[in-house]
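Naming convention: chains lettered A, B, ... in sequence-line order (proteins, then strands); numbering from 1 in each chain.
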Amino acid sequence: MKAKGERRKTAGGMRKGSRRSAVGGQRKAVSSERSAPRILTRAEFDRLIDELVAKCAVYAPVAVEETGKLEFRRIGSSSEVKLEGLADVGVVGQLGLRPKELLFPQCEVLFHFSPSEPGRMVEPEPPQEQVLFGVRPCDGAAVAFLDRFFSGRSDSSAPSDIYYRARRERTTLVGLACNRPADTCFCRAVGGSPSGTTGLDLLLTDLSDGFLAEPVTEKGAALVADMPVASQADMEKKQRLAENAGQAITTTIDTASLKRRLDRTLVSEGSGPADAVWQALSLPCVNCGVCTFLCPTCRCFDVTDEEFRGRGRRMRVWDSCQFTLYSRHASGHNPRATPHSRFRNRVMDKFSYTVAMVGELSCVGCGRCISACPNGIDIRETVETLLKMLPE
Amino acid sequence: MSEMQEFEPRIVAFLCNWCSYAGADLAGISRIQYPPSIRVIRVPCSGRVDPLFILKALQNGADGVLVSGCHPGDCHYLTGNYVARRRFAVLHDLLEFCGIEPGRVSFSWVSAAEGERFAEVVREVTERIRKLGPNRRMNAE
Amino acid sequence: MTANPYRPIPVRIEQVTIENEARDLKSFELSFVNEEHRKGWHFVPGQFAFLSIAGVGEAPFGIASAPSEPLLRFTVKRIGTFTTALHELDRGSIIGLRGPYGNSYPWDLMTGRDVVIVSGGFSFTTLRATLVHILQPENRPGFGDVTVIYGARSPGELLYKEELKELEKRPDLRLVICVDRLNGADWPKTEGLVPNVLRQVAPAATNAVALVCGPPVMIRFTHPVLKELGFSPDRVFLSLENRMKCGIGKCGHCNIGPKFVCKDGPVFSYQELLTLPQEY
Amino acid sequence: MPNDVTAVIQRRARELLSSGQVVMLLGYRPGRSSAQPAFITRPEDASLLVFDQSCGPNLAAFLPKVKHLGRIGVVAKGCDSRSIVLLLQEHQLRREDVFILGVGCNGVLQDSRLSDSCQTCQFPNPVIYDELIGEPAAASGQLKAAGGQQSADSGQRWQWFKNEVSRCIRCYACRQVCPSCYCPICFVDTTMPSWVGRTTRLSDNMLFHIIRALHMAGRCVECGACSRACPMAIDLMSLNRKVSQIVKERFGHIAGLRAEEKPPLTVFDPDDRQEFII
């Protein structure tokens, strides 16, 4: 009963292979003798969390009063965690804090400096160990994508991002399978699964009378090594839940065909019929940054310095390709001056560009951009239209 | 408490070129004493003062801001200060609503002939801010 | 511990030269503060680097000096926050440097061939580096005819004027300097827009490689002329300068389709650009 | 089964497009999650249009972007029509640029609850239109005191404000959906000087939100589009209501009612109250 990192759907030109993280040597796939699924009662689960809280930072879904939504918060005790019924709601962190922010914060200090000592730039203290509970499989897949994007490339022109890596190496992701996906979920259409393990260290499934815990990495196995091994009946129950959840997601996308169609539009920009398709699709888009900021794979950043009373810092701050400022040169020239070219860039990034860059789609089907778009733009409809309107 | 007494506020003063700046000048020429708390920025008209300037000053470490222009009816550009007055009124009420301490941002009219009044305004504003203590709410730190 | 790719190394400004009449173009010549940094610094003409001022920020610039020159040179137009701050710095100031980044001009392809350099405005920087590199006595025999067409709006806006006057005398180089309007000046000798001058000069396309760098409008009108002259798209190379923040393919800003100008560029063949969206 | 209003909108859209009276009909179409703005240019597509309580986006925000195409037909609720008036006042639009299909509005639903802004709506019916479709809606809105947050204690108000704006992720959805935010370059996007830092620390967020609210003074029609767009559920409506209240109390102005009125912060009365001036 070995839990395997499943392979994601491959699109044209995509490299096949394991999605095991290229970042962080700690995340070894679990050895077969430690891979046996375990069973955790709620009491054992609470004990595990309280033990971890004493050792490191623990984040888990918490119902937030102001927003009325579930978001990840640092917890001080197992009593704060809301796990009942959690497997039955949509993706966590639709609003508020999301797992991405714990690996790639919206504002992150790169260096501290003092203008009186030019040339001296001091890196911040290394991040602390953290464990994230209740990460959804789509978000796990997104982390695996970020691992690959932020890791060094073989051609050495793009070295590894040490800030991302430092956080990633000190992070353990404990997933929670979705028993009832939301109506905005479409992970299966982009190669994921409501019970997928990609990017995770341990996957929990809510069996209602306890959690089934399947180790994915050695890190994950270590958390549950002393728990009882699950029975055949537990495994069968999990299997049924996973199948039901999978069947609830009916959206399908021919991602390979989509990529071929999208790639054909690259050359005809500006004049070709594809441009009219993009213009029509982007009309309701107002180029705000909601979709990109909430997207678990969007990773663009700006670098900005600030100085206050003799102390300064260089920070990186999330940026969005939907903003005009994003691509505007200091001279005023803007290579993506039109709203539809910015809209297009985002969709192309998800379904074409990152396949060319690192061999993977960068849409994991979490549906956050659908539920958060102020004008109700639905990426599934966008993709449907593109498949219909663009020639193969 | 002693820290509070020693606290010397830093106040950014946006003074219109035609009246309040001249008023400050007169205060200086007349050797009228007032606290050395203000850092003057001369602007062509109080109508030039964007609320952004005021908030930016507070963000960048000012403990208070004073905006001063010509008395209503005396604007060198006829109506600049009238329009500015509406803007400042909204800013004043909104800052209060947001819980920025009343008195952090002050407005006054001082003419070129009112050297003593200028000194009096600075004394009053300084005293208010001294009582409020250092600006922490709007501060960048 | 791997080196932090975001960490700038300290360099000292050794020389500041005002390059144009408008005084908004300055050349900064830099030396390394630490010897080990100097030893570890290797670049090829066409590459760029980030200059960095703590508290102000960073910005990328093409390297205007050739590898053989003792000081690193950057020619910078005062246009934004960073460049304004840089322009205020004097000799002796310490700033930061990150790089070198990007590919370079296609030196393998250029070897043994004629080289045609077409440049306008202040983008001449990396092409100056290229030209100086080619003209090194040990390098010059490796190339065929070298033609340079360099234009600016007015005589006062030309970069590296004294150097250009010297280069004009060289027999092994065809250097045509032009300006949009001469306004009665006696130098340079040619009046006209770069694409038009290129058409008149008409360098042979057989066995030649063209390097183009300039403002977007010049690039747009230069392409058709090169095509007329018989340059195939795989022999025309452009150096692009999209907005960028990291230089190492992470921040996302400089993408043209799936390519990043910082790591896949800044030099692209026209052939490659034909397969990418026109986002440059 | 299309409701009556939907049926009339569809029919009129078809007629207006067929007769060439408008080049585009800006209305709503159902989306998978919520209603979406629809940009109908062919009479045969008019059947896509709907009108119901899920039609939240303020369509006036799109008018400056599509007016170059020709005369635009637009479906306008009470608040949307006030935004059109505002755009007319500020010369962003000419009356002949638009053909307004006004509709009475019973409020917009968000997460199946009446949207916050609609709970205090005083103008559910269009204040300007070429045609009124359906029956006028009854004004049911209760005038809420600007922000239930108006505690007497400055420190408590500060806590409330801090708590709200500290959540901001600076996605600018509030700005992008707002018909009143049409500046080609927003103050947060200037780089010379850079007025507002790019970070999401409190002081940058505060600067953004205070100035955003100030820029709404006399210009906010309280449609609630910003509030509904906010992914962090920041209480933008309280700030908006407050500036509207200030402008109403001090200058007697209500935004977006009469096209011939001047924006209140561009004019003055010599007798404006100045009790706040030393």
Would you please go through residues 168-190 of chain D and name the residues with a non-hydrogen atom below 4.5 Å from one of chain B, in numerical order?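 Those residues of residues 168-190 of chain D which have a heavy atom under 4.5 Å from chain B are Phe187(D).
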
Given a strict heavy-atom distance threshold of 4.5 Å, which part of Glu124(B) is in contact with chain D: side chain, backbone, both, or neither?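 Just the side chain, heavy atoms under 4.5 Å.
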
If I measure from the heavy atoms of chain D, does Pro72(B) come under 4.5 Å with its side chain, its backbone, both, or neither?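 For Pro72(B), the contact with chain D is made by the side chain alone.
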
Min side-chain heavy-atom separation Phe107(B)-Ile278(D) under 4.5 Å: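 In short, these two side chains do not touch, never coming nearer than 4.5 Å.
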
For chain B, which of Thr199(D), Ile211(D), Val165(D) has the most heavy-atom pairs under 4.5 Å?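 Sorted descending by pairs with chain B, the first entry is Ile211(D).
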
Under 4.0 Å between a Lys/Arg side-chain N and an Asp/Glu carboxylate O for Arg250(D) and Asp93(B)?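 Yes, charged N to carboxylate O under 4.0 Å.
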
Applying side chain to side chain contact (heavy atoms under 4.5 Å, CB included) to Thr266(D) and Val83(B), what does each step give before you reach the verdict? CA-CA 6 Å; Thr266(D) 65; Val83(B) 177; 6.0 Å; no

For a side chain to side chain contact (heavy atoms under 4.5 Å, CB included) check, start with the C-alpha distance between Arg86(B) and Val267(D), then their side-chain angles and the critical distance, and finish with the verdict. CA-CA 8 Å; Arg86(B) 283 204 159 186; Val267(D) 292; 3.7 Å; yes

With chain D, which of Leu91(B), Val121(B), Val125(B) has the greatest number of heavy-atom pairs at distances under 4.5 Å?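 It is Leu91(B).
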
Top contributor to chain D contacts, counting heavy-atom pairs under 4.5 Å, from Ile100(B), Leu66(B), Thr79(B):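 When all of Ile100(B), Leu66(B), Thr79(B) are compared, Thr79(B) has the most.
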
Using 0.5 Å steps for rounding, measure from the CD atom of Gln59(B) to the CH2 atom of Trp195(D).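 If we round to the nearest 0.5 Å, Gln59(B):CD and Trp195(D):CH2 are 11.0 Å apart.
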
Counting only heavy atoms closer than 4.5 Å, note whether Asp153(D) contacts chain B via side chain, backbone, both or neither.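 Neither; nothing under 4.5 Å.
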
